[in-house]
Asker: 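My questions all concern the structure below.
These numbers were taken from a predicted model, which means no experiment stands behind them. By convention here, the first residue in the shown sequence is residue 1.
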Amino acid sequence: MAKRVYQVWKGSNYFFLGGRLIFGPDAKSLLISLLLIIVPVTVFCVFVARHLRHEFPSYNAGYAILVVAIVFTIHVLVLLLLTSARDPGIVPRNSHPPEEEFRHELSASVEGGRQTPSLQFPRTKEVIVNGMPVRVKYCDTCMLYRPPRCSHCSICNNCVERFDHHCPWVGQCIGLRNYRFFFCFVSSAMLLCIYVFAICALYIKVLMDNNQSTVLKALKESPASVVLMAYCFISLWFVGGLTGFHLYLISTNQTTYENFRYKAENRINVYDLGCVNNFMEVFCTKVKPSRNNFRANVQEEEPRPPLPTTREAEVEMGEDQRVKVEDDLEFGGDLLKISQRHNIEDIEAEIRSRESDVHHHNSSEADSVLGSDRRAPNVQADIRNSSWGRRSGSWEIASEVIGVKSNVTESRSHVAPKEQYQ
């Protein structure tokens with residue numbers, strides 16, 4: 001039976017309900033968040049809201065306090081689930097690097113500083129966003145160039161679009177597809193804290209009016225209200241401060257990651273569209289569909305041709321250089337022939353000028369010299385052909401070639417004494 005994508009997923013996520021729900025690796029911390037919401041609300045409904053059901057007789061308005069607390073709590077829990085149990089915007093990783101981005105570059109080898117071609121991969125490249133160039137980085141883990149505003153989460157081991165941060169309280173990354181729900185969750189939790197705090201204070205006031213007692217006596221009669229008010233006051237510092245901070249980020253179209261990393265660099269924010277348009281982008285645009293179908297069957301990838309090896313790259317990159325070497329060798333051979341031809345002509349001219357004195361003896365020696373020198377280009381060509389293709393590039397002369405060379409030297413030595421004699 002074919003496996004599904006979520007069963008072979010390389011990230012650190014946890015999947016439930018056959019891949020329908022995706023959580024981060026620290027999903028257990030989500031249970032703490034649930035307890036921090038459900039337990040205080042339960043205490044509130046039992047020890048505070050229940051006693052206020054009949055305090056407002058007209059239309060039984062006291063029941064509304066209990067209903068609002070329950071409905072509002074369910075709303076917060078749904079937002080928490082939408083934040084932590086959905087794909088935050090994971091970019092599917094590649095199974096191999098993009099080959100079109102490879103480039104061949106020459107690098108000096110250890111032996112003799114020899115230039116050899118090697119495969120290099122650009123670590124960054126520029127893309128245009130709103131008419132401005134933005135540099136994106138290559139992710140070695142996912143083997144792709146990250147889209148703008150994308151970052152790799154080291155906890156989830158995924159590249160996430162519009163990465164904001166990894167929130168341990170929800171056990172999930174906050175990115176493109178769940179940032180809206182995350183902000184609504186935080187702001188709703190803040191409003192829930194305000195609501196519980198206000199109703200607890202109202203209950204203390206009701207106790208004071210009914211018993212004609214002081215604040216201290218009323219607090220003693222309802223210790224649950226005191227605990228809830230203290231808990232909500234402390235929680236407001238966290239969720240309230242977080243809400244205010246993200247309001248600022250939304251108004252300037254920033255992410256938490258960008259704010260903390262690029263704040264000191266004074267970079268121009270190319271994503272800022274104005275305060276109103278920034279809020280519209282976050283809350284009034286359609287949530288993009290997930291790039292991953294975790295429930296799909298894993299399809300076997302077709303075999304790919306292997307990447308060129310260093311030797312193949314060397315052949316490809318060094319082809320022009322080898323052609324140049326061959327041309328240089330042929331040109332050198334031509335120069336050798338020309339120089340030898342000039343030597344022959346000079347020797348012939350000298351021989352003709354001295355034919356009147358030693359005609360027979362010099363003619364025989366000149367013929368031997370001419371025969372030897374005419375064979376020299378062929379010898380050089382044989383030398384070049386015999387040593388071509390060796391990696392060391394050295395020129396090794398065979399013994400028979402050395403013998404021919406010695407004969408040429410001896411024949412020339414016979415001419416020199418005659419010149420001195422004359």
Asker: Given the ring of Tyr145, does Lys125 sit roughly above its face, with NZ or CZ under 6.0 Å from the centre of the six-membered ring and within 45° of the axis?
Answerer: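 Yes.
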Asker: Donor-acceptor pair, Thr124 side chain versus Val136 backbone, under 3.5 Å?
Answerer: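 A pair under 3.5 Å: no.
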Asker: Pairing donors with acceptors under 3.5 angstrom, does anything connect the side chains of Asn269 and Gln254?
Answerer: no
Asker: Might you work through the side chain to side chain contact (heavy atoms under 4.5 Å, CB included) test for Asn253 and Glu281, ending with a clear yes or no?
Answerer: CA-CA 9 Å; Asn253 205 332; Glu281 180 181 353; 2.9 Å; yes
Asker: Nearest 0.5 Å, what's the CG-OG1 distance between Leu219 and Thr214?
Answerer: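 Atom-to-atom, Leu219:CG and Thr214:OG1 are 8.5 Å apart.
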Asker: Donor-acceptor check, side chain of Asn130 to backbone of Met132, threshold 3.5 angstrom: yes or no?
Answerer: no
Asker: Do other residues, nucleotides or ligands put more than 12 heavy atoms under 6.0 Å from the CH2 atom of Trp169?
Answerer: no
Asker: Going by heavy atoms in the side chains, are Arg295 and Val5 under 4.5 Å from each other?
Answerer: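 Heavy-atom side-chain distance check fails, nothing below 4.5 Å.
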Asker: Under 3.5 Å, is there a donor-acceptor pair linking the side chains of Asp164 and Thr256?
Answerer: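 The answer is yes; a qualifying pair exists.
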Asker: For Cys173 and His166, work out which heavy atoms get closest and say how close.
Answerer: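 Between these two residues, the closest heavy atoms are SG-ND1, 3.3 Å.
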Asker: Just wondering, do Leu273 and Phe279 contact through their side chains at under 4.5 Å, heavy atoms?
Answerer: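 They are not in side-chain contact.
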Asker: With side chain to side chain donor-acceptor pair (under 3.5 Å) as the test, would you mind laying out the steps for Gln172 and Asn178 before giving the verdict?
Answerer: CA-CA 10 Å; Gln172 183 63 281; Asn178 64 347; 5.7 Å; no
Asker: Return yes when atom CE of Met143 has more than 12 non-hydrogen atoms of other residues, nucleotides or ligands closer than 6.0 Å, and no otherwise.
Answerer: yes
Asker: Within 45° of the six-membered ring axis of Tyr179 and under 6.0 Å from that ring's centre, is NZ or CZ of Arg162 located there?
Answerer: yes
Asker: How long is the straight-line distance from NE2 of His152 back to SG of Cys159, given to the nearest 0.5 Å?
Answerer: 5.5 Å
Asker: Val41 vs Leu192, test: side chain to side chain contact (heavy atoms under 4.5 Å, CB included). Steps then yes/no.
Answerer: CA-CA 9 Å; Val41 172; Leu192 182 60; 4.0 Å; yes
Asker: Got a salt bridge between Arg291 and Glu161, using NZ or NE/NH1/NH2 to carboxylate O under 4.0 Å?
Answerer: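 Glu161 and Arg291: salt-bridged.
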Asker: Spell out, as yes or no, whether a donor-acceptor pair under 3.5 Å connects the side chain of Arg93 to the backbone of Cys139.
Answerer: no
Asker: Indicate yes or no: at least one non-hydrogen side-chain atom of Leu228 is less than 4.5 angstrom from one of Phe197.
Answerer: no
Asker: Quick one: does Asn158's side chain have a donor or acceptor within less than 3.5 Å of a partner on Cys156's backbone?
Answerer: yes
Asker: Between Val298 and Val8, what is the shortest heavy-atom contact and its length?
Answerer: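 Shortest heavy-atom separation between Val298 and Val8 comes out as CG2-CG2, 3.5 Å.
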Asker: Go through Phe15 and Phe294 one step at a time and tell me if the ring-ring contact (aromatic ring centres under 6.0 Å, His included) criterion holds.
Answerer: CA-CA 9 Å; Phe15 295 88; Phe294 298 109; 5.1 Å; yes
Asker: Could you check if a side-chain atom of Leu77 sits within less than 4.5 angstrom of a side-chain atom of Ile38, using non-hydrogen atoms only?
Answerer: yes
Asker: Measure from NZ or CZ of Arg149 to the centre of the six-membered ring of Tyr271, then state whether that distance is under 6.0 Å and the direction lies within 45° of the axis.
Answerer: yes
Asker: Quick check: do Ile128 and Pro133 have side-chain heavy atoms less than 4.5 Å from each other?
Answerer: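 A side-chain contact under 4.5 Å exists here.
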Asker: Tell me, do Tyr231 and Val39 make a side-chain contact under 4.5 Å, heavy atoms counted?
Answerer: no
Asker: Between Pro97 and Tyr138, what is the shortest heavy-atom contact and its length?
Answerer: CB-OH, 3.6 Å
Asker: Give me the atom names and distance for the closest heavy-atom approach of Cys184 to Ser188.
Answerer: O-OG, 2.6 Å
Asker: Counting only heavy atoms not in Ile268 (residues, nucleotides, ligands), do more than 12 fall under 6.0 Å from its CD1?
Answerer: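 Not more than 12 within 6.0 Å, no.
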Asker: Rounded at 0.5 Å granularity, tell me how far CD in Glu221 sits from NE2 in His51.
Answerer: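 Reported to 0.5 Å precision, the distance equals 11.0 Å.
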Asker: Short question: side chain of Asn13, backbone of Pro25 - any donor-acceptor pair under 3.5 Å?
Answerer: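 Judged by distance alone, no pair lies under 3.5 Å.
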Asker: Report yes or no: does Arg20 contribute a side-chain atom to a donor-acceptor pair with the main-chain N or O of Leu17 at less than 3.5 Å?
Answerer: yes
Asker: Of the non-hydrogen atoms in Asn278 and Ser251, which two are nearest, and what is the gap between them?
Answerer: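 Heavy-atom minimum between the residues: ND2-O, 2.8 Å.
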Asker: Give a yes or no on whether the backbone of Ile65 and the side-chain of Tyr195 come within a donor-acceptor separation of less than 3.5 Å.
Answerer: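 It does hold such a pair.
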Asker: What's the verdict on side chain to side chain contact (heavy atoms under 4.5 Å, CB included) for Tyr248 and Asn259, showing C-alpha distance, side-chain angles and the deciding distance?
Answerer: CA-CA 10 Å; Tyr248 161 73; Asn259 181 265; 3.8 Å; yes
Asker: Of all residues at least two apart in sequence or in a different chain, which pass the ring-ring contact (aromatic ring centres under 6.0 Å, His included) check with Phe245?
Answerer: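 Phe245: no ring-ring contact (aromatic ring centres under 6.0 Å, His included) contacts found.
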Asker: Check whether more than 12 heavy atoms from other residues, nucleotides or ligands sit under 6.0 Å from atom OH of Tyr14, and answer yes or no.
Answerer: no
Asker: Dump the intermediate steps for side chain to side chain contact (heavy atoms under 4.5 Å, CB included) on Met208 and Val206, then the final yes or no.
Answerer: CA-CA 5 Å; Met208 291 174 59; Val206 170; over 6 Å; no
Asker: Taking Arg50's backbone N and O only, do any of them form a donor-acceptor pair with Arg53's side chain (distance below 3.5 Å, no angle check)?
Answerer: yes
Asker: Determine the interplanar angle of the Phe163 and Tyr257 rings, folded into 0 to 90°, and report it as parallel if under 30°, tilted if 30 to 60°, perpendicular if over 60°.
Answerer: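 Ring orientation, 0 to 90° scale: perpendicular.
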Asker: Using side-chain heavy atoms (C-beta onward) and a distance below 4.5 Å, is Ile155 in contact with Ser12?
Answerer: no
Asker: Aromatic ring centroids of Phe16 and Phe23 under 6.0 Å?
Answerer: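 Between Phe23 and Phe16, which both carry aromatic rings, the centre distance is below 6.0 Å.
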Asker: Should Val196 and Cys200 count as side-chain neighbours, where that means a heavy-atom distance under 4.5 Å?
Answerer: yes
Asker: Would Phe183 and Phe283 count as a close aromatic pair, with their ring centres under 6.0 Å?
Answerer: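 When the ring centroids of Phe183 and Phe283 are compared, they turn out to be within the sub-6.0 Å range.
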Asker: Salt bridge check, Asp87 against Lys288: does any charged N sit closer than 4.0 Å to a carboxylate O?
Answerer: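 Looking at Asp87 together with Lys288, the answer is no, because their closest N to O distance does not fall below 4.0 Å.
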Asker: As an exercise, state the distance from CG of Leu30 to CG of Leu35, rounded to the nearest 0.5 Å.
Answerer: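 The CG atom of Leu35 is 9.5 Å from CG of Leu30, to the nearest 0.5 Å.
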Asker: Parallel, tilted or perpendicular: which one describes the rings of His165 and Phe182, with boundaries at 30° and 60°?
Answerer: perpendicular
Asker: Tell me the closest heavy-atom pair linking Leu144 and Pro92, and the distance in Å.
Answerer: CD2-O, 3.1 Å
